[in-house]
Amino acid sequence: MKRRAKKPPVGVACDTGRRRKNNEDSWLIHEPQDMTTLKTKGRLYVVADGMGGAAAGEVASCLAVQTVKERYFSRQDEAPLESLKQAILSADKTIRQQSHSVPGQSGMGTTVTAVSVVGDTAYVAHVGDSRAYVIRREQIICLTRDQTVVADLVRQGKIGIKEAESHPHRHMLTQSVGGGARPPEVYVLSYPLEPGDFLVLCTDGLYNVVSDKEIKEAVALNQDLQRAAEMLVHLANKRGGPDNITAVAVKIQDPVGVEGGLIRKGIGTAALLIILVAIVAIAYYLVVPR
């Protein structure tokens, strides 16, 4: 029987915060409508945090998420991780071209964190300091690396984590999409998923004031992911809301493969029946006296 794969539970909340006039964050969730694309490219989740003065940051982040989606799904024969990387590089080129040609948008740029879930694997491509997490049981694992001056100093052992939290350059990016004279270095990663895992994508307006532990508890202990995302944004605002805030939460269900328009879970119902029949036949042969 033909049927569509069940959409995973998801929650999204995005807010200007308490101190900003404009919301320069953008987000995107996209599920392909055709089964072939769903099988090869999966579902796409993106967050972006723009910068650039006036409304330029908002333009940059919006351009980024749309360009990433269009470029990612345009190449069916390209591996997901390579597609994500090239999609971000394409967004960088688009933003730089527009920043050079449109008055008031010079120098605009954005972070981009993009995750595609294909089968039981998360493919991650990332530039800047937005983040992607996996929550698995009692653990929360950051899949991305902050590309900031201070994060580099911590990785080099020159400063500690406590010092980094109050460092004057903690928000200074070393890589951005569209904000520099050359293409950014795109951080890429593939990560195996398990049923029951959660994915969380967020901008720094969330994790700068809400701890990883609090993010984990809000998502993993809440049956309603939309409510969980809204709770996280509310908590960030309660703590001053110093920046725009975006949170995307997704629950990973049983990996579902798509083949010939048919949904199959694991080895498939038909294969399972064949195995059961074989087991019964062997048991009968061993037990019944001859």
Side-chain angles (χ1 to χ4, degrees), residues 24-28 45-53 56-57 60-65 67-68 71-72 81-96 99 107-116 122-134 140-191 199-212 215 242-248:
E24 297 182 326
D25 284 2
S26 294
W27 59 271
L28 179 142
Y45 308 94
V46 188
V47 296
D49 179 2
M51 65 206 81
S61 66
C62 187
L63 272 175
V65 299
T67 304
V68 166
R71 172 60 178 81
Y72 177 73
L81 204 57
E82 181 63 20
S83 281
L84 281 179
K85 178 180 178 180
Q86 294 304 322
I88 289 180
L89 293 175
S90 181
D92 173 75
K93 183 177 180 181
T94 298
I95 293 169
R96 281 192 288 124
S99 70
M108 68 178 178
T110 184
T111 71
V112 174
T113 297
V115 180
S116 63
Y123 297 96
V124 182
H126 161 80
V127 172
D129 65 350
S130 298
R131 289 183 181 176
Y133 295 94
V134 164
I140 179 167
I141 304 152
C142 189
L143 301 181
T144 49
R145 296 179 64 180
D146 293 347
Q147 293 175 324
T148 64
V149 170
V150 169
D152 284 349
L153 291 175
V154 171
R155 283 190 286 266
Q156 293 163 11
K158 295 181 178 179
I159 64 171
I161 294 176
K162 283 293 183 183
E163 185 181 352
E165 291 174 354
S166 58
H167 197 286
H169 296 151
R170 64 188 180 278
H171 302 306
M172 187 177 294
L173 299 178
T174 57
Q175 302 289 329
S176 66
V177 177
R182 63 183 65 184
E185 296 177 11
V186 183
Y187 177 82
V188 294
L189 172 77
S190 60
Y191 193 86
L199 274 175
V200 176
L201 283 71
C202 65
T203 55
D204 65 341
L206 179 69
Y207 71 76
N208 277 336
V209 291
V210 179
S211 70
D212 287 3
I215 293 172
D243 203 350
N244 305 149
I245 314 154
T246 300
V248 176

With sequence neighbours left out, write down each residue that passes side-chain hydrogen bond (donor to acceptor under 3.5 Å, both in side chains) with Asp204, or none if nothing qualifies.
none
Nearest atoms (heavy-atom pairs only) where Thr203 meets Ala48:
CG2-O, 4.2 Å
Would you name the heavy atoms of Leu143 and Leu189 that are closest together and state the gap between them?
O-CD2, 3.2 Å
If you round to the nearest 0.5 Å, how far is CG of Asp25 from SG of Cys202?
10.0 Å
Among all residues two or more places apart in sequence or in another chain, which pass the side-chain hydrogen bond (donor to acceptor under 3.5 Å, both in side chains) test with Gln175?
none
Closest heavy-atom contact between Thr144 and Ala132?
OG1-N, 3.2 Å
For the side chain of Thr113 and the backbone of Val47, is there at least one donor-acceptor N/O pair under 3.5 Å apart?
no
Which residues pass the salt bridge (Lys or Arg N to Asp or Glu O under 4.0 Å) test with Arg155, not counting sequence neighbours?
Asp152
Side chain to side chain contact (heavy atoms under 4.5 Å, CB included) between Val149 and Thr174: does it pass, once the steps are laid out?
CA-CA 6 Å; Val149 170; Thr174 57; 4.0 Å; yes
Can you check whether Val134 reaches Leu199 side chain to side chain, under 4.5 Å on heavy atoms?
yes
If you look at every heavy atom in Thr111 and Ser130, which pair is closest and at what distance?
OG1-OG, 2.7 Å
Minimal non-hydrogen separation, Pro184 against Ser176, with atom names
CB-O, 3.4 Å
Which residues share a side chain to side chain contact (heavy atoms under 4.5 Å, CB included) with Leu81, sequence neighbours left out:
Tyr123, Val188
With Asp146 via salt bridge (Lys or Arg N to Asp or Glu O under 4.0 Å) - residues at least two apart:
Arg131
Report yes if some heavy atom in the side chain of Asp243 is under 4.5 Å from a heavy atom in the side chain of Asn208; otherwise report no.
no
Set of side-chain hydrogen bond (donor to acceptor under 3.5 Å, both in side chains) partners for Tyr45, sequence neighbours left out:
none
Could you give the side-chain donor-acceptor pairs of residues 85-92 under 3.5 Å, partners two or more places apart or in another chain?
unit_1 : atom_1 : unit_2 : atom_2 : d
Gln86  : NE2    : Glu82  : OE2    : 2.8
Asp92  : OD1    : Gly178 : N      : 2.6
Asp92  : OD2    : Arg96  : NE     : 2.9
Asp92  : OD2    : Arg96  : NH2    : 2.9

For Asp49, all residues meeting side-chain hydrogen bond (donor to acceptor under 3.5 Å, both in side chains), sequence neighbours excluded
none
What is the minimum heavy-atom distance between Cys62 and Ser26, and which atoms define it?
N-OG, 3.3 Å
Exactly one of Val68, Leu84, Val46 clears side chain to side chain contact (heavy atoms under 4.5 Å, CB included) with Ser116, and that residue is Leu84
Using a 4.5 Å cut-off on heavy atoms from C-beta on, say whether the side chain of Trp27 contacts that of Leu201.
no
Does a donor on one side chain sit under 3.5 Å from an acceptor on the other, for Asp129 and Thr148?
no
